[in-house]
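Heavy-atom basis, side chains included; hydrogens, waters and symmetry copies ignored. Each chain gets a letter, A, B and so on, in the order the sequences are listed, and its residues count up from 1.
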There are 2 protein chains.
Amino acid sequence: MLSIGTLAKRTGTKVQTIRYYEQIGLMPEPGRTEGGQRRYGEAGLDRLAFIRHARQLGFSLEAIRELLELSDSPERSCAEVDAVAQRQLREVEARITRLEALRAELRRMVAECDRDRVADCRVLEVLRDHEECLTDHGKATS
Amino acid sequence: MLSIGTLAKRTGTKVQTIRYYEQIGLMPEPGRTEGGQRRYGEAGLDRLAFIRHARQLGFSLEAIRELLELSDSPERSCAEVDAVAQRQLREVEARITRLEALRAELRRMVAECDRDRVADCRVLEVLRDHEECLTDHGKATS
DNA sequence: TGCCTATCCTACAGTCACTGTAGACAAGGA
DNA sequence: TCCTTGTCTACAGTGACTGTAGGATAGGCA
């Protein structure tokens, strides 16, 4: 039987996080010792590892809840699981695209700045005078 | 004189968000009408646009606070501003690297799954049996 | 001038996924 | 037995907003 601290170490999770997962119903309520401490079996360890790995892949706790429910009903179609994974993949791809655009703008910003006084700083200038930002919203929505 | 709603529209910000920025001291307290409504000048609009643009580039509110303070002292060295931007660039690059790894794993996961029952689903299998997750923490930290 | 509606006000609670804290109790080894 | 380490509950805090309730104000039109 494993204590909550052991589970935490094995999965790289904080103890509080495990209790939090229990609180929101992602982890089942485990058995307790006479003194009231949680004791887990292998099933608990596996479930937590599943949750942590899915979190590392960027799945939201809601998506993980869905995945866990699906994996608890082994006769259902794999397509639903696949859909969740595909959705996650698309989200990750969108985030990458967005971050690549940010990276380009930041690189340009940093590369252009070679003055020495803040008053002439290109970085601040770019941040200040991003015309599209004002016009996009100002003109498009009025 | 611009109302908070006009500022919101021009910069693509929610009204509550502007009030929030004021609350945490990012936006200065503006003048008020007799009836107590906020009225902004061009300076307020510029400052908000600066904040929103920096947010779009992924800067945290704390970083933006730093940038705003620097831009308020035009005689200081531009190097500090540059450092903030460089730090942000490195963070964005790190996030991209991480997301690309996620993308690869998600793609592999999705590509491998062609069964029809959840019981045989590769996606769930990958999520369940990620050996490194258990061993990394279990063996490295004990 | 009166009215009406859109906008504005404050204050507070909720979101997500944790993280930290306080004060008390339990487990296990020397 | 004592002592340290681990665990317990309950609650508050994080970042960056977002939403809601219940009321006051501004500005246009008849």
Practice task
Respond yes when some side-chain nitrogen or oxygen of B/Y21 is under 4.0 Å from OP1 or OP2 of D/dC17, and no when none is.
Solution key: yes
Completion exercise
When rounded to whole Å, the CD1 to P distance for the pair B/I51 and D/dA16 reads 12 Å
Completion exercise
In the 5' to 3' direction, the nucleotides of DNA chain C bounding the stretch that comes under 4.0 Å of a heavy atom in chain B are C/dC8 to C/dT10
Handout entry: Whichever of B/R19 and B/F59 has its nearest DNA chain D nucleotide further upstream toward 5'
Key = B/F59
Handout entry: Cationic N near anionic O, under 4.0 Å, B/E125 to B/R128
Key = no
Handout entry: Rounded distance (Å) that lies between atom C1' of D/dA26 and atom CD1 of B/I4
Key = 15 Å
Exercise for the section: Would you kindly compare B/Y20 and B/K14 by the position of their nearest DNA chain D nucleotide and give the one closer to the 5′ end? Expected result: B/Y20
Handout entry: Ion pair check, A/E62 and A/R65, cut-off under 4.0 Å
Key = yes
Exercise for the section: Assign each of B/S3 and B/Q23 to its nearest nucleotide of DNA chain C by heavy atoms, then name whichever residue's nucleotide is nearer the 5' end. Expected result: B/S3
Exercise for the section: Within residues 31-40 of chain A, find the residues that approach DNA chain D with a heavy atom at under 4.0 Å, and present them sorted by residue number. Expected result: A/R32, A/G36, A/Q37, A/R38
Practice task
Whole angstrom is fine here: how far is it from CD in A/Q16 over to P in D/dC8?
Solution key: 11 Å
Handout entry: A/R98, CZ: over 12 other non-hydrogen atoms inside 6.0 angstrom
Key = no
Practice task
Following the transitive rule for hydrophobic clusters with a side-chain heavy-atom cut-off under 4.5 Å over Ile, Leu, Val, Met, Phe, Trp and Tyr, establish whether A/V92 and B/V110 coincide in one cluster.
Solution key: no
Fill in the blank from the handout: For B/E66 and B/V84, the nearest pair of non-hydrogen atoms, with its separation, is OE2-CG2, 3.4 Å
Practice task
Can you tell me the distance, in whole Å, between the CD atom of B/E62 and the C1' atom of D/dA16?
Solution key: 12 Å
Handout entry: Full working for side chain to side chain contact (heavy atoms under 4.5 Å, CB included) between B/L57 and A/M109
Key = CA-CA 11 Å; B/L57 286 170; A/M109 217 162 83; 4.1 Å; yes
Exercise for the section: Go through A/L106 and B/F59 one step at a time and tell me if the side chain to side chain contact (heavy atoms under 4.5 Å, CB included) criterion holds. Expected result: CA-CA 11 Å; A/L106 282 167; B/F59 287 90; 3.8 Å; yes
Exercise for the section: Could you tell me whether A/R76 and A/E69 have a side-chain N and a carboxylate O separated by less than 4.0 Å? Expected result: no
Exercise for the section: Please check if any side-chain donor atom of A/Y40 sits under 3.5 Å from a side-chain acceptor atom of A/R47, or the reverse. Expected result: no
